[in-house]
*Asks:* 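First the structure, which I've put down as structure tokens, then a few questions once you've had a look.
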Amino acid sequence: MSIYRQRRSLKPLDMDPNREVPRETLLSLLEDAHWAPTHGLTQPWRFHVFQAPESRAALADQLQAIYDEIIPAEARDEAKREKLGKVLRHAPLVIALAAKVEPGGKIPEWEEIAATSCAAQNLMLSAHEQGIGSYWSTPPVTCSAEFGQWLGLDETHRVLGLLYLGYLPEGAKEPRSTRAPLETRVVWHGEA
Ligand SMILES: Cc1cc2nc3c(=O)[nH]c(=O)nc-3n(C[C@H](O)[C@H](O)[C@H](O)COP(=O)(O)O)c2cc1C
């Protein structure tokens with residue numbers, strides 16, 4: 001079966017917290033991501049890497065602080081806030097994903113976000129090829145302007161959540177997923 005069909009999202013808490021992704025492997029994943037298609041060759045993807053335990057702890061603290069700042073009291077969910085802190089400390093590698101956009105520019109914003117999503121898929125498929133699981137997670141705080149600012153990004157960037165990367169623990173069950181029948185998503189115009 002092709003890697004496109006084999007790749008599954010691996011929840012961060014199901015990753016082995018003690019097995020690091022080697023730097024050389026990480027660089028090869030980023031390089032594969034960097035070869036995604038891009039209109040006008042703008043290469044809008046930006047990857048902010050958090051691998052060292054201290055940097056992931058700082059990221060967790062910051063995202064919880066942003067949660068406290070931007071989520072209104074009536075929408076607060078203490079369990080969600082706690083889980084965010086826990087998963088960021090557990091998963092061995094976290095990449096905050098952002099797209100550089102040019103408001104009013106030649107390439108529309110949606111195309112830069114689409115190109116960055118292509119890069120994310122390259123990265124996740126490349127990780128799968130290397131036996132590394134991945135998970136794209138987009139709770140609102142991870143896509144907030146406040147988070148972008150903390151990353152040092154100005155208003156011409158859109159933060160698009162977090163990519164978690166890590167290995168499945170030895171002997172653990174592979175994650176599974178399903179899809180609706182393909183014909184529900186395809187419309188054929190004319191005869192072949
Ligand atoms: C842009 C994007 C954002 C996602 N955000 C979340 C998320 O916030 N929470 C979550 O549980 N899964 C998220 N996912 C992962 C999906 O849940 C997952 O891809 C889906 O369940 C299908 O499983 P599979 O990837 O194993 O095929 C996201 C996926 C994409 C492409």
Side-chain angles (χ1 to χ4, degrees), residues 7-15 17 21 29-30 33 36 38 42-105 107-125 127 132-166 175 177-180:
R7 179 212 55 81
R8 292 280 67 81
S9 295
L10 176 62
K11 291 191 171 135
L13 289 179
D14 292 339
M15 293 173 181
V21 176
L29 305 184
L30 292 167
T38 154
T42 56
Q43 303 155 76
W45 40 82
R46 301 290 184 269
F47 306 107
H48 286 247
V49 180
F50 297 85
Q51 189 167 29
E54 326 72 87
S55 75
R56 285 185 285 108
L59 175 63
D61 289 345
Q62 189 57 37
L63 284 172
Q64 286 183 325
I66 295 173
Y67 188 93
D68 295 340
E69 187 188 333
I70 69 172
I71 306 294
E74 62 279 11
R76 284 181 65 86
D77 181 334
E78 211 48 47
K80 267 192 191 160
R81 184 187 180 280
E82 282 310 301
K83 193 174 174 198
L84 188 60
K86 192 173 166 189
V87 295
L88 285 163
R89 286 178 171 83
H90 180 96
L93 174 57
V94 184
I95 300 176
L97 181 67
K100 167 91 171 95
V101 300
E102 197 190 333
I107 313 293
E109 180 168 327
W110 80 264
E111 293 193 26
E112 301 298 32
I113 292 172
T116 303
S117 303
C118 291
Q121 174 72 339
N122 271 16
L123 199 152
M124 292 191 291
L125 288 170
I132 299 166
S134 63
Y135 199 81
W136 191 348
S137 169
T138 49
V141 278
T142 69
C143 302
S144 66
E146 288 81 356
F147 181 41
Q149 274 163 22
W150 182 74
L151 291 170
L153 300 170
D154 67 17
E155 65 290 348
T156 67
H157 295 81
R158 301 290 171 264
V159 271
L160 306 175
L162 303 173
L163 294 171
Y164 293 88
L165 293 157
S177 190
T178 57
R179 291 294 186 269

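Both backbone and side-chain heavy atoms feed into the values below; hydrogens, waters and symmetry mates do not. Keep in mind that what you see is a predicted model, and the values were worked out from it rather than measured. Throughout, numbering of the chain's residues begins at 1 and tracks the sequence.
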*Asks:* How long is the gap from CG on L13 to OH on Y164, to the nearest 0.5 Å?
*Replies:* 8.5 Å

*Asks:* Has the side chain of Y67 got a donor or acceptor atom that lies under 3.5 Å from a matching backbone atom of D77?
*Replies:* yes

*Asks:* Roughly how far, to the nearest 0.5 Å, is CZ of F50 from CG of L151?
*Replies:* 5.0 Å

*Asks:* Measure across G166 and P92 and return the closest heavy-atom pair with its distance rounded to 0.1 Å.
*Replies:* CA-CG, 3.8 Å

*Asks:* I'd like to know if the side chain of W136 reaches the main chain of L160, judged simply by a donor and an acceptor atom lying under 3.5 Å from each other, with no hydrogens or angles considered.
*Replies:* yes

*Asks:* Which heavy atom in L153 sits nearest to a heavy atom in A98, and how many Å separate them?
*Replies:* CD1-CB, 3.6 Å

*Asks:* Is there a side chain to side chain contact (heavy atoms under 4.5 Å, CB included) between L63 and W150? Walk through the geometry before answering.
*Replies:* CA-CA 9 Å; L63 284 172; W150 182 74; over 6 Å; no

*Asks:* If you round to the nearest 0.5 Å, how far is CG of L59 from NE2 of H48?
*Replies:* 11.5 Å

*Asks:* Applying side-chain hydrogen bond (donor to acceptor under 3.5 Å, both in side chains), can you list everything that pairs with T156, at least two apart in sequence or on another chain?
*Replies:* K100, D154

*Asks:* Looking at every heavy atom in both L97 and A120, which two are closest together, and how far apart are they?
*Replies:* CD2-CB, 3.9 Å

*Asks:* How long is the gap from CD on E111 to CD on E102, to the nearest 0.5 Å?
*Replies:* 12.5 Å

*Asks:* What are the two closest non-hydrogen atoms of S144 and V159, and how far apart are they?
*Replies:* O-CG2, 3.1 Å

*Asks:* Please give me the minimum heavy-atom distance between A60 and L88, naming the atom from each residue.
*Replies:* CA-CD1, 3.6 Å

*Asks:* Judged by atom type as modelled, is there a donor-acceptor pair below 3.5 Å linking the side chain of R158 to the main-chain atoms of A99?
*Replies:* no

*Asks:* As a quick check of understanding, evaluate side chain to side chain contact (heavy atoms under 4.5 Å, CB included) for E112 and E109, giving each step before the final call.
*Replies:* CA-CA 5 Å; E112 301 298 32; E109 180 168 327; 5.7 Å; no

*Asks:* Looking only at non-hydrogen atoms, find the nearest pair between Y135 and S9 and report the distance.
*Replies:* CD1-CB, 3.5 Å

*Asks:* Side chains of K83 and K80: does their closest heavy-atom pair fall under 4.5 Å?
*Replies:* no

*Asks:* As an exercise, state the distance from CG of L84 to OG of S137, rounded to the nearest 0.5 Å.
*Replies:* 7.5 Å

*Asks:* Out of the candidates L165, L162, L163, T142, only one should pair with V94 under the side-chain contact (heavy atoms from CB on, under 4.5 Å) rule; please name it.
*Replies:* L162

*Asks:* Tell me, please, which residues at least two apart from E78 pass side-chain hydrogen bond (donor to acceptor under 3.5 Å, both in side chains).
*Replies:* R76

*Asks:* Is it true that a side-chain atom of Q51 and a backbone atom of V21 form a donor plus acceptor pair closer than 3.5 Å?
*Replies:* yes

*Asks:* Listing request: all side chain to side chain donor-acceptor pair (under 3.5 Å) pairs with a residue in residues 86-99, at least two apart in sequence or in separate chains.
*Replies:* D61-R89

*Asks:* Which distance, rounded to the nearest 0.5 Å, do you find between the CZ of R8 and the OG of S134?
*Replies:* 10.0 Å

*Asks:* Applying the side-chain contact (heavy atoms from CB on, under 4.5 Å) criterion to P44, which one of T116, I107, I113 satisfies it?
*Replies:* T116

*Asks:* Is there a donor-acceptor contact under 3.5 Å from the side chain of Q64 to the main chain of R81?
*Replies:* yes

